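Below, all heavy atoms of this structure are taken into account, side chains as well, without hydrogens, waters or symmetry copies. Below, chains carry the letters A, B, ... as their sequence lines are ordered, and counting in each starts from 1. This structure is a prediction, so every number in the text was calculated from the model and none was measured.
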Amino acid sequence: MLNINKIRKNTEEIIQRLKIRNFDGENIINELLNIDKQRKQAQAENDRLLAGQNQISKTIGELFKSGNKEEANKAREKTAELKNKIQENTHTIKDLEHKQTALLSEIPNIPHKTVPPGKSDEDNEEISRHGDITPPQVIKPHWDIIRDLDIIDFDLGNKITGAGFPVYKGKAAKLQRALISFFLDEGEKAEYQEVLPPLLVNEASGFGTGQLPDKDGQMYQIKEDNYFLIPTAEVPVTNIFRNTILKANQLPEKRMAYTPCFRREAGSWGSDVRGLNRLHQFDKVEIVRIEQPDFSYDALEEMKTHVSKLLEKLNLPYRIMRLCGGDLGFTSALTFDFEVYSAGQDKWLEVSSVSNFEDYQANRLKLRYRDPETNKPRTAHTLNGSALALPRIMAAIIENNFTGDAIVIPQVLHHYTGFKTIDKIKTN
RNA sequence: GGAGAGGUGGCCGAGUGGUUGAAGGCGCACGCCUGGAAAGCGUGUAUACGGUAUCCCCGUAUCGGGGGUUCGAAUCCCCCUCUCUCCGCCA
């Protein structure tokens, strides 16, 4: 969430910049500032009262010590009214604080200056295109190929769980494992420390990275324990740093994690979403960075380069999109999407989303670092990116590398898979 | 799941109702000392909100979290939570 001080100081600018994401913040911000003012007044008043009370308590203590019980009891009587007022005031303050937090968490992050205006993904700005998109000799969508080769089984997943939970079989299962290993090894080369985090998170973590309170409908929930299945490793990995003050020389913190991700995808289950294009459970390697504010945009570039290299090594054609205001995630200041061209569908599939959240998540997380110059805590910047999400990579590999009766595995994966092609599973 | 013991600053640890935001130690920072270092000595060393936009300074809050008793709570009471030990169950 945004910092209230920042809003106080740059009210107009913030309202203007939020318009880029088609968010009209004028009313909510005015209300917020009004509440903030009340809150400050109430607190100043309460602090005065409390100071008075502390003073009296101290006096009473001294009186009792010196044996002057009469005077002490007199002073004691005086405090009743004060106490009432304080209680009332404290209530008011808490109430105002709650309202303030509630309003603050309704305001999305301020878009970076380079974010173009726009309404939907159609207005995203293509900033570069890489690789060859001439179609292969056989053009077939992956859902047909995987059915023909019998390597990924949706019906079976449907039987075990439900729609959107496919079963990968044989070489397809191993290809998944190969991709995960490949991504993690590349991440390790780029000095991301691997972590294997919990797949269930608590409410505080969900709030910290911004999934809660609003997007709880998109997460699977364990009601008995009030846990949530992670929609992305971003949640547990970023929350490693919740409520911490890092030393400046610890930064940047670079972490990565392979995890399954679980998404209910409520409301987005359209007819054009087929096969591996959208699943309730999928695998992903995520990279996360904690940075000093001055370096966070350099870090974002580095992450883009990292993702680009992965796609190039897999020999997949891709383009990089700068998300427009309308498509930008609630918590992000600037996001680049990586889309892979998948020949069988003649479609660009989003396989990675690389974002700088600036201090938006860090404010929620209370994630700070000690500024070496002032020696004061300062909010850090958080970033993350998929590197990479598996199913659509699988889809693109399957469609782009299909020869008519086999899928050719990209060379870079050979020593992970131990095979160079996937052919039809023999059924005896 | 049952029984018991605990949770105090970056860490260890004292503190069972009265200037205790908190002794002491370790660590860290700076200074003195030194040819340089170590040792020693000295000083400093939490966060948030508010007064005020900043520095200083001042006020308030915070001893796992929340609530209560009291003029006053780290200390007493209640609820929750987490950790440890033993038992049970278990991959």
Side-chain angles (χ1 to χ4, degrees), chain A residues 1-14 32-104 196 198-208 222-228 239-251 253 359 362-380:
Chain A
M1 71 197 168
L2 299 178
N3 178 298
I4 184 70
N5 278 315
K6 234 188 204 172
I7 297 179
R8 280 204 286 256
K9 276 182 231 167
N10 314 301
T11 312
E12 267 319 301
E13 193 200 338
I14 287 173
L32 188 63
L33 289 175
N34 189 27
I35 283 174
D36 183 50
K37 212 168 161 187
Q38 291 177 44
R39 191 200 101 243
K40 290 202 314 192
Q41 273 174 8
Q43 193 186 326
E45 169 69 10
N46 214 34
D47 284 356
R48 264 196 301 279
L49 295 174
L50 282 166
Q53 194 193 39
N54 286 341
Q55 193 52 52
I56 292 173
S57 295
K58 211 179 277 181
T59 316
I60 290 174
E62 278 157 17
L63 286 171
F64 269 122
K65 242 184 195 169
S66 62
N68 198 339
K69 280 194 178 166
E70 224 169 281
E71 282 288 317
N73 282 323
K74 260 189 210 168
R76 217 142 99 172
E77 280 159 28
K78 279 197 287 190
T79 57
E81 195 190 343
L82 201 54
K83 264 183 89 175
N84 274 335
K85 263 193 186 167
I86 287 171
Q87 205 168 26
E88 225 172 274
N89 248 319
T90 307
H91 244 88
T92 313
I93 291 169
K94 276 197 179 164
D95 198 46
L96 289 166
E97 276 173 352
H98 281 139
K99 276 186 193 157
Q100 184 166 322
T101 312
L103 285 172
L104 272 174
L196 190 61
L199 306 182
L200 271 64
V201 293
N202 59 28
E203 211 175 344
S205 293
F207 179 81
I222 313 290
K223 287 240 165 66
E224 287 81 357
D225 302 295
N226 202 22
Y227 292 154
F228 298 86
N239 271 284
I240 289 172
F241 303 98
R242 171 153 50 88
N243 274 327
T244 54
I245 302 176
L246 298 164
K247 289 178 186 141
N249 62 19
Q250 279 179 268
L251 297 175
E253 283 281 7
D359 61 4
N363 274 326
R364 289 174 162 242
L365 292 159
K366 295 195 171 61
L367 161 51
R368 290 156 293 173
Y369 74 99
R370 205 169 285 285
D371 188 312
E373 279 182 27
T374 61
N375 209 30
K376 292 270 189 270
R378 206 177 150 193
T379 314

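With a cut-off of 3.5 Å on both pairing distances, the Watson-Crick or G-U wobble partner of C41(B) is G31(B). Both distances falling under 3.5 Å, in either a Watson-Crick or a G-U wobble arrangement, place G10(B) opposite C26(B). Pairing of G36(B), defined by two Watson-Crick or G-U wobble distances under 3.5 Å, is not identified with any nucleotide. Pairing of A48(B), defined by two Watson-Crick or G-U wobble distances under 3.5 Å, is identified with U60(B). Searching all strands for a Watson-Crick or G-U wobble partner of A3(B) with both distances below 3.5 Å returns U85(B). Base pairing of A73(B): no nucleotide in any strand meets the Watson-Crick or G-U wobble criterion (both distances under 3.5 Å). Under the Watson-Crick or G-U wobble criterion, with both distances below 3.5 Å, G21(B) is left unpaired in every strand shown.
For the pair Q43(A) and U60(B), the criterion of a side-chain N or O lying under 4.0 Å from OP1 or OP2 is not met. Look at N54(A) and you'll find a side-chain N or O under 4.0 angstrom from OP1 or OP2 of A61(B).
Nucleic acid contact for K94(A): sugar-phosphate only, since backbone atoms but no base atoms lie under 4.0 Å from a heavy atom of the residue. I60(A) comes within 4.0 angstrom of a nucleotide base, judged by non-hydrogen atoms across all strands.
In this structure the side chain of I7(A) never reaches within 4.5 angstrom of the side chain of D36(A), judged on heavy atoms. By the 4.5 Å heavy-atom criterion applied to side chains, N89(A) and L49(A) are counted as neighbours. The closest side-chain heavy-atom distance from L246(A) to F241(A) is below 4.5 Å.
Closest contact between the side chain of A51(A) and the listed nucleotides G18(B), G72(B), U60(B) involves U60(B). The listed nucleotides are U19(B), A61(B), C49(B); the one nearest the side chain of R39(A) is C49(B). Closest approach to the K40(A) side chain among G59(B), C71(B), G50(B) is made by G50(B) (side chain taken as heavy atoms from C-beta onward). Comparing U60(B), G72(B), G18(B) by their closest approach to the side chain of K83(A) singles out G72(B). With C71(B), U47(B), G50(B) as the candidates, the nucleotide lying closest to the side chain of P377(A) is U47(B).
D359(A) places no side-chain N or O within 3.5 Å of a backbone atom of T379(A) that could act as its donor or acceptor partner.
Nucleotides C58(B) and G65(B) are separated by 26 Å at their P atoms, to the nearest Å. The gap from the P atom of U43(B) to that of C26(B) amounts to 14 Å, rounded to the nearest Å. The C1' atoms of U85(B) and U70(B) are separated by 36 Å, rounded to the nearest whole Å. Taking atom P in both C63(B) and U19(B), one finds a spacing of 16 Å when rounded to whole Å. Separating the P atom of A74(B) from that of G64(B) is a span of 10 Å, rounded to the nearest Å. Comparing the same atom, P, in A53(B) and in U69(B) gives a spacing of 36 Å after rounding to whole Å. Going from the C1' atom of C28(B) to that of A46(B) covers 14 Å, rounded to whole Å. Comparing the P positions of G13(B) and U20(B) gives an interatomic distance of 23 Å, to the nearest angstrom.
Spacing between atom NZ of K37(A) and atom C1' of U52(B) amounts to 15 Å, rounded to whole angstrom units. Spacing between atom CG of L246(A) and atom P of U47(B) amounts to 14 Å, rounded to whole angstrom units. Distance, L96(A) CG to C49(B) C1': 14 Å, rounded to whole Å. Taking atom CG of N46(A) as the reference point, atom P of G59(B) lies 16 Å away to the nearest angstrom. We find that CD1 of I93(A) is positioned 14 Å from C1' of A48(B), with the value rounded to whole Å. Protein atom CZ of R48(A) is 15 Å distant from nucleotide atom P of G50(B), rounded to whole Å. Taking atom CD on Q55(A) and atom C1' on G72(B), their separation rounds to 13 Å, with Å as the unit. Residue R370(A) contributes atom CZ, which lies 16 Å from atom P of C28(B) at whole-angstrom precision.
Atom CD of Q250(A) sits in a crowded spot, with more than 12 heavy atoms from other residues, nucleotides or ligands closer than 6.0 Å.
Heavy-atom minimum distance, T244(A) versus I240(A): CG2-O, 4.5 Å.
A donor-acceptor pair shorter than 3.5 Å can be found between the side chains of S205(A) and N202(A).
Look at E45(A) and R48(A) and you find a salt bridge, because one of the NZ, NE, NH1 or NH2 atoms lies within 4.0 Å of a carboxylate O, short of that distance.
Remark on RNA chain B: of its neighbouring residues N3(A) and S57(A), the 5'-side contact belongs to S57(A), judged by nearest-heavy-atom nucleotide. Of the two residues near RNA chain B, G52(A) and G61(A), the one whose nearest nucleotide lies more 5' is G61(A).
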